[in-house]
Amino acid sequence: MSVERYDPIANPYAPGAGTPPPALVGRDDIIDDASIALQRWKAARTSQHLLVTGLRGVGKTVLLGKLAALGEHAGYRVIRVEALGGDDTLRSFLRQARRIVEELDGGARVGRALRSIESVSLTVVGTGVAVERQATTPDREALSDVVTDVVAAAADDGLGIMIALDEAQMLDHHDIRRLLAGAHRCGQDGLPLYAVLAGLPNLVGDVAKAATYAERMFTVADLGPLTPDQVVEAVVTPAEEIGVSWTPDASEAIVDLSDGFPFFVQTWAYHTWNAAIDDPISAADVERAAPNANHALDSSFFAARIARIPASEVAYVQALASLGPGPHRSGDVAAAADKTTPQVAAFRDRLIDEGVIYAPRYGWVEFAIPHFDRYVARALPNA
Ligand SMILES: Nc1ncnc2c1ncn2[C@@H]1O[C@H](COP(=O)(O)OP(=O)(O)O)[C@@H](O)[C@H]1O
Ligand SMILES: [Mg+2]
């Protein structure tokens with residue numbers, strides 16, 4: 001059967017960055033574990049914090065948002081920051097910490113928390129705090145005191161603190177160390193702090209390097225692609241709820257095209273909905289959507305990444321892409337670029353800093369963006 005067109009305004013799918021999907025699939029276990037951790041901390045029982053890792057578009061930010069909502073529901077005040085590199089991250093962290101403390105019901109520990117916030121704020125230009133200038137010396141190390149003092153002040157008020165830090169691989173490693181030191185102390189004192197750090201897979205190594213005890217503080221949830229069943233659920237359920245069906249062939253086509261990556265699932269489902277003329281939505285409809293879906297992926301998701309890459313680094317990107325998907329040895333990439341490893345080391349490091357590639361293990365590199373090798377072969381073919 002054929003329909004006029006499905007209403008684009010009713011299109012339930014949500015391709016984007018951090019845009020909550022209509023059906024958040026495959027994350028129930030992580031959400032349940034986090035919920036238990038939140039409640040344990042509130043009951044003065046310790047628990048591990050959480051590292052959420054994965055490639056771009058796998059659903060880290062969305063999950064972080066979900067867990068933050070869970071935290072608020074469980075009696076936590078949430079400090080939610082996306083690390084951008086530079087002091088902006090810390091500035092935002094301090095502003096939110098300060099706002100939370102100011103809204104607390106007085107208490108001796110509030111003054112103390114404000115003083116440690118001021119002490120760190122004075123090391124960061126433009127934090128915009130105006131505390132009565134007491135005998136506070138600027139001290140960035142006091143960031144760990146900010147964590148413990150803010151949590152202690154909140155605990156006096158029956159509240160917990162949740163730190164939800166996105167793109168955490170971009171945070172200065174000294175600041176990571178200071179935050180973890182504060183969190184570690186909260187754990188020893190039984191104070192209700194729950195930290196969720198989300199980032200690219202190399203975040204696990206960054207955290208491990210920050211302190212000897214850091215690895216043991218965290219559970220790692222490494223988000224991989226969704227299973228075929230989960231993709232089908234993500235596609236079919238939201239449509240069903242508004243009376244629209246997909247044929248099994250059509251949802252299978254999305255499984256194949258997306259390789260299970262949530263961003264691709266949302267993009268393909270979204271464009272298929274808008275292009276569809278069959279009822280139920282058919283595999284032919286998925287094909288009809290291909291030009292728009294591919295164009296959307298190329299011009300937003302992929303191009304946004306490559307746009308920031310200077311020409312000098314593009315050759316490295318092309319060399320890596322020429323080796324196909326998956327991780328590759330740094331030496332092989334250099335060879336593919338007709339260079340030696342030391343000659344390309346600076347490009348490699350900058351691309352890691354920019355989050356285009358990451359090092360899954362020492363001496364190896366991989367694109368941090370799924371299907372990026374195919375994109376480069378398509379868009380920048382003269383490798
Ligand atoms: N569990 C999920 N099920 C279905 N779609 C998801 C899921 N997680 C994320 N998405 C979708 O994937 C896209 C990318 O999510 P995002 O959280 O921004 O990824 P990341 O932060 O890892 O780059 C969004 O369009 C979002 O709606
Ligand atoms: Mg994200």
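Order of listing sets the numbers, starting from 1, for every ligand and every atom in it. Residue numbers count from 1 along this sequence. Everything quoted here is computed from the prediction, not taken from an experiment.
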For a ring-ring contact (aromatic ring centres under 6.0 Å, His included) check, start with the C-alpha distance between F372 and F367, then their side-chain angles and the critical distance, and finish with the verdict. CA-CA 7 Å; F372 203 64; F367 284 119; 5.1 Å; yes
List the steps and the verdict of side chain to side chain contact (heavy atoms under 4.5 Å, CB included) for F301 and Y375. CA-CA 10 Å; F301 190 62; Y375 168 73; over 6 Å; no
Check the pair L320 / D373 against side chain to side chain contact (heavy atoms under 4.5 Å, CB included), numbers first and verdict last. CA-CA 7 Å; L320 178 56; D373 56 310; over 6 Å; no
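At a threshold of 4.5 Å between non-hydrogen side-chain atoms, the residues I36 and S47 do not count as touching.
When non-hydrogen atoms are compared, ligand 1 lies under 4.0 Å from the backbone of A23 (N, CA, C, O) but not from its side chain. Residue Q230 does not touch ligand 1, judged by heavy-atom distances below 4.0 Å. Of all the heavy atoms of L64, none lies under 4.0 Å from any atom of ligand 1, so neither backbone nor side chain is involved. Of all the heavy atoms of Q266, the ones lying under 4.0 Å from any atom of ligand 1 belong exclusively to the side chain.
Exactly one residue among I254, T272, V25, I281 makes a side-chain contact (heavy atoms from CB on, under 4.5 Å) with V235. That residue is I254.
For a threshold of 3.5 Å applied to N or O pairs, the pair formed by T19 and ligand 1 contains at least one separation below that value. At a 3.5 angstrom cut-off on N or O pairs, G57 counts as close to ligand 1. Considering backbone and side-chain N/O of P20, none are found under 3.5 Å from N/O of ligand 1. Polar contact check, L63 against ligand 1: no nitrogen or oxygen pair lies under 3.5 Å apart.
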Distance-only donor-acceptor hits, side chain of residues 193-207, under 3.5 Å, sequence neighbours excluded:
none

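If you chain together hydrophobic residues whose side chains sit under 4.5 Å apart, L323 and V344 fall into the same group. Clustering ILVMFWY residues whenever any of their side-chain heavy atoms sit less than 4.5 angstrom apart, transitively, puts L191 in the very cluster that holds Y213.
For the Mg ion (ligand 2), protein N, O or S atoms under 2.8 Å: 1 in total.
Close approach to F263 involves these atoms of ligand 1, each under 4.0 Å from a residue heavy atom: 12 (O), 13 (C). Applying the 4.0 Å criterion to heavy atoms of G18 picks out, from ligand 1, the atoms 16 (P), 18 (O).
Taking all heavy atoms of G16, A17, P15 into account, the minimum distance to atom 14 (C) of ligand 1 is reached by G16.
By the 4.0 Å heavy-atom criterion, L55 is counted among the residues contacting ligand 1.
For atom 17 (O) of ligand 1, the closest non-hydrogen atom of the protein is V62 N, 2.8 Å. At the top of the distance list for atom 15 (O) of ligand 1, counting protein heavy atoms only, stands G59 CA, 3.7 Å.
In this structure, R140 pairs ionically with D175, as a charged nitrogen and a carboxylate oxygen lie closer than 4.0 Å. Salt bridge status for D259 with R374: present, with a side-chain N to carboxylate O gap under 4.0 Å. Looking at E103 and R99, no side-chain N of the basic residue comes within less than 4.0 Å of a carboxylate O on the acidic one, giving no salt bridge.
With no hydrogens or angles considered, a side-chain donor-acceptor pair links Q96 and S92 at under 3.5 Å. Using a 3.5 Å distance cut-off with no hydrogens or angles, the side chains of E241 and T237 do not pair a donor with an acceptor.
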